[in-house]
Amino acid sequence: MTEQAIPRRPTRHWSRALVGVTVLVTLALVGCQMAASFLYNAPANVISKAYAAQVSWWMTPLQMQNWQLFAPNPISENVEVDARASVGPSAAVTSWVNLSAIDEAQTDGDPAPSHLTMNAMRNAWIKFIQTHTSTGIPLANSPLAGTAQGYLENLVLTYLRPHESQTIDSIQVRFVTTLLSGEGRTAAQTAPQTAMMPWWPVTQS
Amino acid sequence: MNRFWNAYRRITESAVAARGTAALRIGYGTLWTLYLLSSFNERLTAWGPNAPWTPAMARAYEAQIPMFGWIRDWLTAVAGLGSGAFEAFYALAVVAGVLFALGWRTRISSLLFCFVVVALENRSPLITDGGDNVLMIMSLFLCFTRCGRHWSLDARRLRSRPTDDAAHDAADTGTAEVPEWRLELRAVREQVANVLHNGAVLVIAFQVCVIYATAGLYKVQGSMWQDGTAMGFVLRLHWFQPWPALDSWLLAHTVLLALAGYVTVFVQVAFPFAVFSPKLKYPSLVVLAGMHLSIAVLLGLPFFSLMMLVGDAVFLSDRVWQAVERRVSGPAYAEGMAGVAKPTLVFDGDCGFCTSTVHWAERWCRPAVRFVPWQNLDLAAHGLSQEAVTSSVQWLGPRTSVTRPIPHGSAAVARTLLRSRWPFRPVGALMLVPPISWLAELVYRLIAKNRYRMPGATPACAVPAPAPSVPATSVASVASATSEGSAQGAGDLGGGPDHPRAGAVGVELAEGDHAD
C-alpha cells in the first residue's frame, strides 16, 4: 500500500538537522509532560511537593484532572438537598421541596441521564461545603465562597421557579445527610442529620 | 549504534498507532456530537447566558487560577456570548464534532474541535464529570497526531488524487515539474509530522495509564476497598442510582461485590505494566471494558464510560485494527464464494419499499447474493408459487432441493445477511437462532403486510433484469403495469391472490383495505 511506502527522506544538511532538532525537542517535551502528569496525579510525595509550582504551571489550567474516583474511600452518605422560598408581598413561606428527589425521579430508569441532573447539584453541594461552615458561614480563607453560594442559589431557583407563580424574595436551603449503615456504625450515627443554611435574599434580575 | 538509528527511523518515518488515533478521533468526535445533541433541550440552562453558573462566576473562577491571557480568553470565550451568538457557537460545536469524526481537513478540524470542547466545557465546569475531563485533555493531544490518515475524508481524498510517488518518479527521471526544494520541504514536513504524532501517541497512552494507576493507587489506600465493602457503599448512593432495583439485587451478593472491587483495583494498578505484554494487555482491556460498562449502567454515567473506552482504543495495535478493517470493508463472503453459484433472493419488484431496501443492502451490506424481482422470474421452474412470492421474500440457494422447503421471510433475510460483509454477518446468524428468529419473523411479517404503506424508491423493476430468458416485452409490461397501477398495487396485501394486478382483484382488495 502507498501508506507503507516511504515517500522520500530529507537529503540536505539543513533539513536533516531540522528533523533531528524536532526529535530532540519532542522527546524533551514528552518527558516533561509525563513527569508532570505523574507528579500531578499521584498521591502527594516528596518530589511532587518540591516541584509543586513547576508541575502546577505545566498542568493548569488545560490539563487539570482528578482521578480519585470513589477513593481512597467512596462517599458513604446520602445527601438530600431541600429548599423553601419566601414568596409574594406577604412573604409567605412555602413548604420544603426535596430537590434531590426531583433529580432522582429524572434519573430513574434513564440509560443516559443528562449532565445537569447527574452532576449539577452534587458539585454545587461539594463546592459549597468546601467553602462554608456547617451553618453556612463562608470560610475566611476561601475566595470562592461567594461564587459557590451564588451558584447554589441560582441552581436552587431553577428547581423552584417552575413550581412557583409568585415572586421569590428569598430562599433557604438545608442539607439532610444520612450516613449509610455499615459495620461499626450505630443507629445514632446513621440517623439523618440536618444542616440548616440561613435565608438568602434573591436578587431580582 | 545501529539500534539507535533504527529507533530514530521508526520515530521519523512511521506513525505508530495511526489507526488507533483515528479510532480516538472518530470516537471522541461522535461522542461529543451525541452529547451536544442529547443536551440540546437544556443547552441554555447548562451553558447559556442565563445559566446558574453566570458569566461573572465563570470569570471569577478562572481568575483564581494563574494562566496566560490567551488561555483565559479561550476558557471564558463562551461566557461573554449573548443568546444569538451562543446559539451560533453551539451549532459550530456540533459541526466541529461531525467534521472531526469524519476527518475533514483533520489538521484544521482537530484544532477547531479542541477549541470548542475546551471553551464549552469551561463555561460550566460544575456540571462536568470525569468524561468531560478526559475529552478536554484528549482533544488537546489529538491536535498533534496524524489521526486523519485512516478512515477519514482526508484519506479518501488522498487516495483519489494521483499519488506523490508519481511526482517522485518524475523527479528521479529529471522531468520534474515540481521544484526540488518543494519535494525536500514535503519530506521534512512528513517527518516532522511523524515525530509529533509519535510523541503525542506516547503522551496519550501515558495519560490513560496515569488515570488507571492513580485511581488504583488511591483505592489501595482506602479501608473500604481493602475490606471489600466499597462497592456496597457506592451502589447505595442516591446520586448515582438510575436502576435502584438492580442495585438492591446486587447488594445482596456481598462476596461478588468484594471480588469485583478487588479485580478493579488490581487491574487498575497493574494496567501501566500490563500494556507491555500482549498476554496481559488484552485481558486487562477486557476487564476494564467490563468495568466501564458496569459504571455506565449501574452509576448512570454512560458518557464517562464511553470516553474512557475510546481512550483505551489507543492500546489496540495497528495489526488488530487492520484485521478489523479487512473484516469490515473487505470482499467478505464473496471471495469464499467464488466459483459457487450465487444464491438468489426473490423479492417483490412492485413494492417501492422492497426495491429501496434492496438498493440499500447492495450498497451497504454488499452480499454475495443476487436480488431478483419475482416479476422477472419463471416461478414454476424454481418451484415457487405466486402466493409464496407475494407474501414474503424467497431464498433460492444452491442446495435447495425439491424436498426441502424454501427458506423465506426473515430466514431468507438472515441468509442474505450471513453472506454480507462483516458487521451484518453476526446479525444474520442471530436471526436464525430461536427465539430471536421467531421475533424476527414476527417483525418481518408486520413489515411485509404493510410494505406498500412504507416509503420507498420508484417501485418495481428498477433493478436490472438479470434473467436473459425473460422476454423484453414482459418486463416492459410489468413496468408499465406498475407505473399505471400504483393504486391497485396498494391493495396488494400479499395475502395471496393469484393475479394481484388483475383489476377486479385489486379493487376488491383495496376495498378490504378500507374496511380495516
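Quantities reported herein were computed from a predicted structural model and do not represent experimental measurements. Lettering follows sequence order; numbering is per chain, from 1.
For B/Gln241 and A/Thr107, the side-chain atoms include no donor-acceptor pair closer than 3.5 Å. Of the N and O atoms on the side chains of B/Thr12 and A/Arg9, not one donor lies less than 3.5 Å from an acceptor on the other residue.
When heavy atoms are compared at a cutoff of 4.5 Å, A/Leu180 approaches chain B by way of both its backbone and its side chain. Only the side chain of B/Tyr35 comes within less than 4.5 Å of a heavy atom of chain A; its backbone N, CA, C and O stay farther away. For chain A, the nearby part of B/Ile71 is the side chain; its heavy atoms alone come within less than 4.5 Å. Both the backbone and the side chain of A/Ser114 come within contact range of chain B, each with at least one heavy atom under 4.5 Å from a heavy atom of that chain. Within the 4.5 angstrom heavy-atom criterion, only side-chain atoms of B/Arg9, from C-beta onward, approach chain A. Proximity to chain A (any heavy atom under 4.5 Å) is restricted, for B/Leu140, to the side chain, taken from C-beta onward. Contact annotation for B/Gln64: only side-chain heavy atoms (C-beta onward) come within less than 4.5 Å of a heavy atom of chain A. Of the atoms belonging to A/Glu153, not a single heavy atom falls under 4.5 Å from chain B. Neither the backbone nor the side chain of A/Thr117 comes within contact range of chain B, judged by heavy atoms closer than 4.5 Å. With a threshold of 4.5 angstrom between heavy atoms, A/Thr147 approaches chain B through its backbone and through its side chain. For B/Thr128, the part sitting under 4.5 Å from any heavy atom of chain A is the backbone (N, CA, C, O) and nothing else. If you measure heavy-atom distances from B/Val118 to chain A, the contacts under 4.5 Å come from the side chain alone. Contact annotation for A/Asp110: only backbone heavy atoms (N, CA, C, O) come within less than 4.5 Å of a heavy atom of chain B. Both the backbone and the side chain of A/Val79 come within contact range of chain B, judged by heavy atoms closer than 4.5 Å. Proximity to chain B is limited to the side chain of A/Leu18, based on heavy atoms less than 4.5 angstrom apart. Looking at A/Asn66, only its backbone comes within 4.5 Å of chain B, counting heavy atoms on both sides. Contacts of A/Glu104 with chain B are made by side-chain atoms alone, with heavy-atom separations under 4.5 Å and no backbone atom involved.
No more than 12 heavy atoms of other residues, nucleotides or ligands lie within 6.0 Å of CZ in B/Arg189, so this atom counts as exposed by the packing criterion. Dense packing is recorded around CZ of A/Arg174, with more than 12 heavy atoms of other residues, nucleotides or ligands lying under 6.0 Å away. Heavy atoms from other residues, nucleotides or ligands lying under 6.0 Å from CH2 of A/Trp96 number more than 12.
Residues B/Leu299 and B/Pro242 come closest through the heavy atom pair C-CD, 3.8 Å. Minimum heavy-atom separation, A/Trp58 to A/Cys32: CH2-CB, 3.5 Å.
For A/Phe70 and B/Phe240, the ring centers are positioned less than 6.0 Å apart. Between A/Trp125 and A/Phe128, a ring centre-to-centre spacing not shorter than 6.0 Å is recorded.
Between the side chain of A/Trp67 and the backbone N or O of B/Val210, no donor-acceptor pair lies under 3.5 Å.
The shortest side-chain heavy-atom distance between A/Val30 and B/Asn198 does not fall under the 4.5 Å cut-off.
In terms of heavy-atom pairs under 4.5 angstrom with chain A, the leader among B/Pro125, B/Ala215, B/Ala63, B/Ser223 is B/Ser223.
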